[in-house]
Amino acid sequence: MADPASTPLGKMLLEEITPVVMVLCTPYVEESCLKNGLSLIQLLSPFCDFTNIDVPVRTASDQPYRLRKFKLRLFYSSDIRQPNLEVAKERLKKVITHVGEKNFLESSDSSQVNNLLSRPESEMLPSWFQFFNKELVRTLSFSDHEAFDHPVACLLVVSSKDDEPVNRFVDLFNTNKLPSLLNDGAMDPKIMKHYLLLHDNQDGPFNKATKLLADMRNAFGQNDCQIICFNSSQDGKIHHQDNPWAPFKSDALPTENLGCFLNLDDLNEIKDFMQELSSKHIIPYMEQKIRVLNQQVSATRKGFRNQIKNLWWRKGKEDTIDTPNGPVYTFNSIESQIRILGDYAFMLGDYELALSNYRLISTDYKLDKAWKRYAGVQEMMGLTYFLLDQSRKDAEYCMENAFNTYLKLGSAGRRNATRCGLWWAEMLKTRDQLKEAATVYFRICGEDTLHSAVMLEQASFCYLLSKPPMLHKYGFHLVLSGDHYKKCDQIKHAIRTYRSAIPVYKGTTWSLIKDHVHFHIGQWYALLGMYDVAVTHMLEVLASTHQSKTTQELFLRDFLQIVQKTGKTFEVLKLQLPVINISSLKVIFEDQRTNASAAAARVKESLWRSLEEDMIPSSTARSNWLELQSKIIPRKYKESNICVAGEALKVDIEFKNPLQIPISVSSVSLMCELSANPEEDANSSNNEVQNNEDRTSTSSGDINSCLILSEVDFSLEGGETTVVQLTVTPRIEGILKIVGVKWKLSSAVVGLCNFEFNPVNKRVVRGRRKHHSPSSDLKFLVIKSLPRLEGFIHSLPEKTYAGDLRPLVLELSNQSKFPVKNLKMKISNPRFLYAGNQKELNADFPACLKKNLNVEKSGRHANVNKTLQNLFHFPEDISVQEETSLSWPLWFHAAVPGNIPLYITIYYEMEGVSSIMKYRTLRMHYNLQVLPSLDVTFQLSTRPSRSQEFLLRMDVVNKTSSECFQVHQLSSVGQQWEISLLQPVDSILPSQSLFAGQSLSCFFMLKDRRRSSTSEDSIPSLSHIQSDVRLGPQENSEAFFDVSSSPLADFHDYERSSQGMSSQGCEYKVDFVFITQLPKGNSDSSSNTPLVFSHHACDCSPSSMSPISWLVDGPRTIQHNFSAPLCEVNLKMTITNSSDAIASVHINTFDSPSSNNQPIDDATTSQPPEHQSGWSEIPIVNDTKIITTEALTTRVPKSLSLESVPQFIWSGTSSTKLVLQPRSTAEIPLQICVFTPGLYDLSNYVLNWSLTPVNGGENQGEANKSSGVCQGYPYYLSVLESNFKI
C-alpha cells in the first residue's frame, strides 16, 4: 500500500485531527478584516496548512524526527462547543441541497455502463462525497470524550485602533468569556497564549503600532507578542487570480472580490506569522506538553507495580450499572491526561507513542464501563494502526469494536458510529476491500433518512469499483439511495441516482425494477415542472406487459395526466403503445395486376403467376414485366414499384395491445412523401404530406391535394390484436414513398413509426430482383390514370351442398373513359365453375337443362376441347366500353364437399393509353364451403347367361341434417346403354323424397345394346335407347334432364378429367349421372327456384368381381320307373369369361365325398349312413342361382349326410378342360345316373381356372386374381317314381 498519509483517509485525518487554536479578537479587528470581505479566521485560514514545513520534533523518546506536514485549525471562542444537533442537520441538508442543484444541471445520462467504467475513478466518483463526509465529521467537534479538539493555544488579537490594547488583551481572556468546556473542567484552561497586534494601514501610520507592540512585550513577554500590518492597498482594487479564501467562504458571491486591500506584502506577512506561530510556538509547546505528560503517566501507570495497583483500585467497578455516558473525567484526571498525551502524539505524528497510550487507557475505560470513551479510544487505535501501516487485522478489529460499541449506546453514540463507519469504509477502500466498504456504508444507515441516502449512494460506487464490477448491486443501491432522497424531498438527487441506475438495467430482463426507475423519474420530473423529460421516461413503462392490470392502469393514467399538464400534443417516435408488428406489414398495390377484392390480394403471387402463364403475352411470361420497360422508365426509378394515379395503395398493419387494459387509438394514417416531378432529385424535393384533417377511407382529404390519406379509429381490449388497412391514393404522377404510420393514443400523444429500415413482406411481388434497400419496397413510380375493370359474380353462394348446379352471371364494369378489348378468362378449377355461352345469359333455369329445350344442340358442347384447357376467349367483337358494364353467363357445380377456393383471372388490353402498361389483369378470388349432401355409390354385376346384361345397384344416403331431396332421374352417359328399373321406386320410396339421414337402395337392369343382336338390321336406333330412368312418380310427364348437353355434359367431362380418366370409356365401363332437386323453400337460398343437384360416377364396371362365372341348367324334377336299368339326366354348364385375358378352365366331377380329391370336412365323413334313399333335409333356396367364383372360393363342402354307396354318379366326362377367349362364353354338356328316388344336390364338382394376359399385358384389377379353385354351388334335383303322385 502507498504512504497512508497520501491516501484519502490519511489526508482527511491530517486535516481533521490537528491542533486547535482558539481565537479571541476585538470588534475593530473584525472591522478591518471585513474590508476584504473576510472575517479574521477566514483571513488567516488559508495560511494554516503547511505542506512543506520542516520542523524537528522530539517527543517522549530521545530520537528526534522531522515534521513535514502540519495544520492548524482556528476557531472563535464562541464556536468551541458541541454543535447543536438540529443546526448541524440543517447545515448538512443545505450542503446536500446545494450540491443537488449544481449536479442536477451538470449531470448527464450514461447510455452504457461500459462508458462509465472506462472513466478514471476521480471522474466516476462525485466530488462532493468527501466534502459531505468532512462536514458530517465536523458535527461531532469538541466532544468531551476526545482531546484532539481541545485548544492547544489561544490567539488574542487586538487592533491598533483599540483603546489601551494591553488591557484589552487581559479582558479578552476573561473567564466569563471563555467557552463552557474550559470552565466546566472538560478542557484545560491553562493553554499557551500568543498576542497579536493587528494594524490597519488605512487607519494611520505604523509608528503608533510600534509603540503599542513594545508595551505588549513588556507586559506579556518578548516572544509571545507579534504585530501584523495589512490593508496596504489604498484603492482596494487588488484582484487575486488564485483566490486562497474561496474554500473558506462558501457564501461568497461570484462577483465579490475577496482580499481587495491585501497586497502581496500583506499576504507574505500573514503567511510568515502563521508559520512562525506553528513552528516556534505551538509545536514546541506540544512537544513540552507530551514530555511532561509522558513522565507523569510513566510514574503512575507504567510498570508492573503501577499496573497491579491500578487493577486493584478499579476492582469491583465491573458490578456497577451502565450509564449512557459513563463516569465523568476532568481534564486533570489521569485517564484524561493519558488521552491528551495520545492525541497530542497523534497530531505530531508520533503514532507509536499514541498507540501505546491508547492501549493503556483502553483497558481503564473498559473496566470503568465508560463505553463512549472506550469506543473513541478504539477508533483512534484503528486509525493509528492504519497510519502506521501495520496489522490490517488489528486495525479492522479496532474499528469494528468501536463501531459496535457506539451502536450499543443508542442515540447517544449514533453520530459517532457514523463517523467511525466513514473512516472505517475509507480504510477498506484504500486497501481495495470495496465490497466490505460497501457493507460498512450500508451499516451506517440509520434513522436519519438523508444521511442514509448519501451512504447508500457511496456504497453503490463501492460495488461499481470492485473487481469485477457488481453492477446489479450498484444499481440496486442507487435505487435505494434515490428512494431515501425522495423521502427527504431531495427530488433532484433522487432523479440523479435513478438516472444513474438506468444503464445498469438497460438490456436486462429485470423488467420490474426498470419500470420502477422510469416511472418514478417521470413522476419526479413532473413535480419539477419538466414535463417534456417526464413524458420521455413515462413512455418507457407504457408497454409493460409483465405488470399487473392495476399497475398498468396507474402507469397509463399518470402518463396521460402529465401529458395533459403540458398543454400540447407530443409526437413520439417508436411509441410502444400499441405495438406495431412491422414483420407483418403487407403493401397491396396494383400495377398491371388488379384485384377485385381484398381476398384476391392476399393470395400468393406464385399461384396467380401459374394461372396467368398462358394468358399474358409470351414475351412477358418469360421475363420480368418491368425489365421490358427499361427504355421508358427513368434509370433511377427502375427499382421502384409501379402504381397508377387515382388508384389506392393499401397497407395492412397489425396493431397489438400488449396491456391487460383497453386503449383507444385514433387518427391512424400513413406518412407519405410525394415528388411531383420524377425527373428531379427525390431527396431534394420530397415534401411530407400532412394529414391533419378528419378523413375517412372513402371520401377523405382535400380534393385538390396531391394525396388522399385515410384515417382509422379503433379501440383494443386487453391483449387484443387487430389488422388495420390504411390507404393512400396519389392523384398526380411522380414518385411516392411510404415513410411510416402515425396515430394518436387516447387523443393525447401522437405516435410515429418509420418503415424505412424495416423489412417489408409485400403481398404483391413482381418477380426476382437484385438486392436493394428495404426502403425501395415502399417506393412507387406513379404513372397516369389507366382503365381498370371491376368484376363481380352474382348469386355465387358462400355455402352450399355438394352437387349443386346453378347458373351465375359475371359482371365486368369499366368506370374509366377508355374502352378495353381482347378479353380472356381463366378459372383455376373448372370442375366447379366455367364460362357459358352468351345465349345462355337469360335462359330459364332449370328448364334450359331439359331435353325438350335442347333439341337444337348437337348432343355435346361445341367447345369441349377448348374449354378443358381452362382458358376462355371472349368473342373478338366483345369489348367493355367506357363507363359501361358487360354481363357473361357462368355455370357453377359443387363437385365435391370441402372448403373450395376459386381463382379467376381476366386479361384485357388497353390501346393508346399508356406506353408503360399495355394490358392489365383482374384477379378474383372466392372461398366456397361445400357441405356433404348425398352419398351415391354404384355396384355393377354381370349376368352369366347374358354377357350384355348387368345388374346395377345404387345406394343413396342423405348426409344432411335437415334437407329433403326429391330424387328425379338416373342417367347413363353415352347412348349405348339402356337402363331400366327392376322394381318400381314407389314400393321403395313412396314419397319420392329422401329425408335427412335416410338411405335408399335401387336395382336396375343395364343392357349394352351394341351387342344385343348379331344382325345389323336388328340393332335398335341409338336415339330410341332409353338411357334415362325416372325415379319420381311414373305418371309424371316432366322431361328428363339432358346429361349429354351443356352444362351437365361439360361438368361430367371435367369430373372425368379431375379423376385422370380418358374421355373415351372402355367397352364394359359406364358413367352415371344421378339428379335430384331441393323443393322451393327448403334451401337457404332466397330464390324460389328449385335447386338442381347432379352427382357423377365414372368408370363403373364389373371388373371388381371374379372374372369367371358359370351357370348349371337342366330339369329340376323328373319321374322315372326304376324298374328300368338306368335313370339318366342331361345337364348343361355355361361358363363366361368377363375378363380381358385368356381363361383356362378345368372341371373335375366326383361321385361321393369320399371319392372327392378335395379336402372334406371331418363332420361330413363321420356321419353314419342313416338314409337308405336319396332323401335328405335341404335349406330353402331360390329357384335361380347365379354363382361366381368369388362367392364360392370360401364355401365349405356340403354338410349333407351321404351313404357310403353313391346314390348317383356322373356318367359323362369326369374331367373337362377348355380355353375361353376374353369376354366369351362356352357351354359344356353334363350327365348323371340316378339309382334311387330322392332329392339330390349336384354340387360335387370342382372348377379350376387361371388367366393368361393377352400380348404379355396385364389387365388392371385382375393382377391379384390370375387363378382360382372353386367348389360347385348347390343344384337340387328331385327324382320321383313314375307312379308317385305329387
Side-chain angles (χ1 to χ4, degrees), residues 109 449 453 456 471-487 489 491 493-566 570 572-581 654-666 714-722 743-751 753:
D109 290 333
T449 308
L456 287 170
L471 296 178
H472 283 196
K473 287 195 173 183
Y474 163 69
F476 181 70
H477 282 75
L478 280 176
V479 172
L480 288 178
S481 173
D483 188 57
H484 282 69
Y485 278 130
K486 177 58 178 64
K487 291 179 181 178
D489 294 329
I491 298 179
H493 274 294
I495 293 176
R496 180 181 54 78
T497 53
Y498 268 51
R499 287 173 59 184
S500 299
I502 290 177
V504 177
Y505 301 110
K506 186 177 182 179
T508 65
T509 58
W510 289 35
S511 302
L512 294 178
I513 195 168
K514 280 193 291 187
D515 292 346
H516 172 86
V517 170
H518 283 291
F519 176 68
H520 284 86
I521 291 178
Q523 282 189 322
W524 297 338
Y525 270 120
L527 292 176
L528 298 178
M530 303 174 66
Y531 298 111
D532 292 353
V533 187
V535 168
T536 302
H537 285 278
M538 293 297 288
L539 286 171
E540 297 292 333
V541 302
L542 279 186
S544 301
T545 58
H546 45 272
Q547 296 286 1
S548 64
K549 183 177 181 180
T550 305
T551 305
Q552 292 175 357
E553 290 175 346
L554 173 66
F555 287 173
L556 184 59
R557 182 177 65 250
D558 284 15
F559 169 73
L560 296 177
Q561 289 176 355
I562 293 174
V563 172
Q564 187 178 5
K565 290 178 182 179
T566 64
F570 279 88
V572 180
L573 184 62
K574 296 182 180 179
L575 180 64
Q576 299 180 2
L577 197 65
V579 176
I580 297 180
N581 185 5
E654 181 181 292
F655 289 83
K656 179 180 180 180
N657 179 11
L659 305 182
Q660 305 176 41
I661 59 177
I663 60 174
S664 174
V665 184
S666 60
F714 59 91
S715 60
L716 293 174
E717 296 296 327
E720 183 182 358
T721 300
T722 185
W743 67 95
K744 278 188 178 180
L745 175 63
S746 300
S747 302
V749 180
V750 176
C753 180

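When all heavy atoms of L456 and S481 are compared, the closest pair comes out as CB-CB, 3.8 Å. Between A453 and H484, the shortest heavy-atom distance links the atoms CB-CB, 3.5 Å. T551 and Q547 get closest at one heavy-atom pair: CG2-OE1, 3.6 Å. Between V563 and A748, the shortest heavy-atom distance links the atoms CG1-O, 3.8 Å. G475 approaches A501 most closely through the heavy-atom pair O-CB, 4.0 Å. Heavy-atom minimum distance, L577 versus P658: CD1-CD, 3.6 Å.
N581 has its side chain out of reach of K656: every pair of non-hydrogen atoms, C-beta onward, lies at least 4.5 Å apart. Looking at K486 and I491, their side chains come closer than 4.5 Å, going by heavy atoms from C-beta outward. Residues H537 and V533 form a side-chain contact, since some pair of their non-hydrogen atoms from C-beta on lies under 4.5 Å apart. When side chains are defined from C-beta on, Y525 does not count as touching I562, because their heavy atoms never get closer than 4.5 Å. With a 4.5 Å cut-off on side-chain heavy atoms, H518 and Y505 do not count as touching. Within the 4.5 Å cutoff, side-chain heavy atoms of D515 are placed close to those of F555.
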Practice problem: Take V541 and F559 through the test side chain to side chain contact (heavy atoms under 4.5 Å, CB included) and record every step on the way to the result. | Solution: CA-CA 9 Å; V541 302; F559 169 73; over 6 Å; no
Exercise. Show your reasoning for whether side chain to side chain contact (heavy atoms under 4.5 Å, CB included) applies to L539 and F570.
Key: CA-CA 11 Å; L539 286 171; F570 279 88; over 6 Å; no
Exercise. Show the numbers, then the answer: is there a side chain to side chain contact (heavy atoms under 4.5 Å, CB included) between K487 and D483?
Key: CA-CA 6 Å; K487 291 179 181 178; D483 188 57; 3.5 Å; yes
Exercise. Could you walk me through whether L528 and I495 pass side chain to side chain contact (heavy atoms under 4.5 Å, CB included), step by step?
Key: CA-CA 10 Å; L528 298 178; I495 293 176; 3.6 Å; yes
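Summarising the geometry, atom OH belonging to Y531 is positioned 14.5 Å from atom OG1 belonging to T536; distances are rounded to the nearest 0.5 Å. Interatomic distance, CD1 of I502 versus CD1 of I521, reported as 3.5 Å (0.5 Å rounding). Note that the CZ atom of F519 and the CG atom of D558 stand 4.0 Å from one another [nearest 0.5 Å]. Taking OG1 of T508 as the start and NZ of K514 as the end, the distance is 4.5 Å to the nearest 0.5 Å. If you take CD1 on I663 and CG on L556, they are separated by 8.0 Å, rounding to the nearest 0.5 Å. Atom CG of L716 sits about 9.0 Å away from atom CZ of F655, to the nearest 0.5 Å.
By the side chain to side chain contact (heavy atoms under 4.5 Å, CB included) test, D489 is found to be paired with no residue, residues two or more places apart in sequence or in another chain being considered. Applying the ring-ring contact (aromatic ring centres under 6.0 Å, His included) test to Y498 and every residue at least two apart in sequence or in another chain returns H516, W524.
For the pair N657 (side chain) and E717 (backbone), a donor-acceptor distance under 3.5 Å is present. The backbone N or O of Q660 sits nowhere less than 3.5 Å from a side-chain atom of E553 that would complete a donor-acceptor pair. One N or O on the side chain of Q552 and one on the backbone of S544 form a donor-acceptor pair closer than 3.5 Å.
Between H472 and W510, the two ring planes are perpendicular [angle over 60°; tilted spans 30° to 60°].
Summarising the local packing, NZ of K744 is surrounded by 12 or fewer heavy atoms from other residues, nucleotides or ligands at distances under 6.0 Å.
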